[in-house]
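The structure's right below; bear with me while I get my questions together.
Owing to the predicted nature of the structure, the values given are computational and were not obtained by experimental measurement. To find a chain, count down the sequence lines: A is the first, B the second, and so on, and within it residues start at 1. The figures that follow rest on heavy atoms only: side chains count, while hydrogens, waters and symmetry mates do not.
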Protein chains: 2
Amino acid sequence: MGASKVDIYSNEINEIAAIAKVFSHPARVAILQYISTQEACICNDIVDEIGLAQATISQHLKVINDAGLLKGTFEGKSLCYCINVERFQELQELFNSFFNKTKLNCC
Amino acid sequence: MGASKVDIYSNEINEIAAIAKVFSHPARVAILQYISTQEACICNDIVDEIGLAQATISQHLKVINDAGLLKGTFEGKSLCYCINVERFQELQELFNSFFNKTKLNCC
DNA sequence: ATTTGTTATCGTAATATTGCAATAATACAA
DNA sequence: TTGTATTATTGCAATATTACGATAACAAAT
């Protein structure tokens with residue numbers, strides 16, 4: 001046991017849960033916030049900004065990236081991370097649509 | 001290690017992560033959706049509807065409840081669950097405010 | 001008081017997540 | 001090519017989550 005039974009839920013439900021999972025760790029929320037507040041989309045100083053090891057940040061970035069939320073471009077030696085705003089917007093809308101639907105039928 | 005370093009993040013960031021965690025498991029999303037789609041706020045047949053053991057559902061309900069998202073009233077023998085719409089709305093707004101702020105400063 | 005129906009809690013096993021050091025991989029500069 | 005800077009990956013160890021059976025706790029009815 002211990003594994004989530006993904007197959008017993010609808011695609012919509014699994015999608016909402018998958019989106020929420022990205023934001024369910026403070027490091028990932030902090031990374032997204034930090035990237036967004038930088039003038040240009042700044043890179044490896046995420047590690048300095050947040051107090052976690054480089055390997056850990058890289059791992060969290062992978063989770064964020066797997067959700068389609070990052071665009072990266074190389075600038076000199078370093079990789080310049082940027083939020084994929086279109087996808088970000090899309091997730092927000094999916095989430096809101098779930099919230100709104102749920103509120104509607106409520107007693 | 002393996003424990004999240006909650007103390008190195010701001011309250012706002014931890015709050016967003018905590019909200020997201022509630023929705024990060026498909027069972028909890030399914031439970032919320034199911035409760036909302038019932039005419040009256042129906043009770044223990046959540047167990048029948050979703051294919052999980054009663055103990056497991058109860059555990060998920062506790063997580064949802066700890067986030068302030070449930071109102072329960074006794075009706076005869078059984079506990080009648082209902083979504084706390086005000087709190088639900090509040091979480092939606094907190095989430096949206098994070099999304100909107102993040103989108104704003106984006107490159 | 002006993003039974004019945006309902007929900008919560010406990011104990012435990014399986015799996016997932018988090019975090020880091022070490023190391024690989026990559027890109028640029030000299 | 002060699003060195004330097006940056007990011008990804010690998011391989012653990014620690015902790016958290018998920019799931020379930022068993023059992024407790026509670027309310028209502030008999």
Side-chain angles (χ1 to χ4, degrees), chain A residues 1-9 13-14 17-31 34-35 38 40-67 70-82, chain B residues 1-9 13-14 17-31 34-35 38 40-67 70-82:
Chain A
M1 328 287 148
S4 300
K5 291 185 164 181
V6 169
D7 45 310
I8 66 173
Y9 309 104
I13 285 177
N14 280 319
I19 293 171
K21 189 165 262 178
V22 177
F23 300 92
S24 72
H25 194 286
R28 292 194 284 271
V29 177
I31 289 172
Y34 179 68
I35 293 181
Q38 293 310 105
C41 33
I42 292 302
C43 354
N44 78 323
D45 34 18
I46 303 172
V47 175
D48 300 330
E49 176 67 17
I50 304 173
L52 294 174
Q54 183 267 321
T56 308
I57 295 290
S58 190
Q59 218 170 271
H60 283 303
L61 279 170
K62 183 171 162 40
V63 175
I64 299 174
N65 189 49
D66 286 350
L70 289 182
K71 287 191 291 194
T73 47
F74 275 101
E75 240 173 60
K77 313 184 195 201
S78 53
L79 183 48
C80 194
Y81 285 113
C82 197
Chain B
M1 326 292 151
S4 300
K5 291 184 165 181
V6 168
D7 45 309
I8 66 175
Y9 309 104
I13 285 178
N14 280 319
I19 294 171
K21 189 165 261 178
V22 177
F23 299 92
S24 72
H25 194 286
R28 292 195 284 270
V29 178
I31 288 171
Y34 179 69
I35 292 180
Q38 293 310 106
C41 33
I42 291 302
C43 353
N44 80 322
D45 35 18
I46 304 172
V47 176
D48 299 332
E49 176 67 17
I50 305 173
L52 294 175
Q54 183 267 322
T56 308
I57 295 290
S58 189
Q59 219 171 269
H60 282 303
L61 279 171
K62 182 171 162 42
V63 175
I64 299 174
N65 189 51
D66 287 350
L70 288 183
K71 287 191 291 194
T73 47
F74 276 100
E75 241 172 61
K77 312 185 198 201
S78 53
L79 183 50
C80 192
Y81 284 114
C82 196

To the nearest angstrom, the CD1-C1' distance between B:Ile46 and D:dA19 comes to 17 Å
Is there side-chain contact between B:Ile64 and B:Ile35, with heavy atoms separated by less than 4.5 Å?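 They are not in side-chain contact.
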Heavy atoms from C-beta onward define the side chain here; which of D:dA8, C:dG19, D:dT18 lies closest to that of B:Arg28? D:dT18
Gap between atoms CD1 and P, on B:Ile31 and D:dA19 respectively (whole Å):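 Rounded to whole Å, this separation is 10 Å.
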Would you list the atom pairs, donor with acceptor, under 3.5 Å between side chains in residues 49-61 of chain B and any protein atom, with sequence neighbours excluded?
unit_1, atom_1, unit_2, atom_2, d
B:His60, ND1, B:Arg28, NH1, 3.1

Could you pull out all residues at least two apart from A:Asp66 that satisfy side chain to side chain donor-acceptor pair (under 3.5 Å)?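 A:Asp66 satisfies side chain to side chain donor-acceptor pair (under 3.5 Å) with A:Lys62 only.
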Please determine, for the side chain of A:Ala55, which listed nucleotide (D:dT9, D:dA19, C:dT9) has the closest atom? D:dT9
What's the CG-P distance between B:Leu52 and D:dT18, to the nearest Å? 11 Å
Given D:dT17, is OP1 or OP2 found less than 4.0 Å from the side-chain N or O atoms of B:His60? no
Rounding to an integer number of Å, can you tell me how far B:Gln54 CD sits from D:dG21 P?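 The distance from CD of B:Gln54 to P of D:dG21 comes to 11 Å, rounded to the nearest Å.
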Phosphate OP1/OP2 of C:dA8: any B:Tyr81 side-chain N/O under 4.0 Å: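 It does, given that an N or O in the side chain of B:Tyr81 lies less than 4.0 Å from OP1 or OP2 of C:dA8.
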Could you give the CD1-to-P distance, from A:Ile57 to D:dT9, as a whole number of Å? 15 Å
Nearest heavy-atom neighbours spanning A:Ser24 and B:Ser24: CB-CB, 4.1 Å
So for B:Gln59 and D:dC20, does any side-chain atom that can act as donor or acceptor lie under 3.5 Å from a complementary atom in the base? yes
Would you mind telling me which residue lines up with the more 5' stretch of DNA chain D, A:Thr56 or B:Val63, judged by nearest nucleotide? A:Thr56
The nucleotide from D:dT17, C:dG19, C:dA8 with an atom nearest the side chain of B:Lys21 is D:dT17
For B:Ala53, report the nucleic acid contact type (base, sugar-phosphate, nothing); a contact means any heavy atom under 4.0 Å.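 Answer is sugar-phosphate: B:Ala53 comes under 4.0 Å of backbone atoms only.
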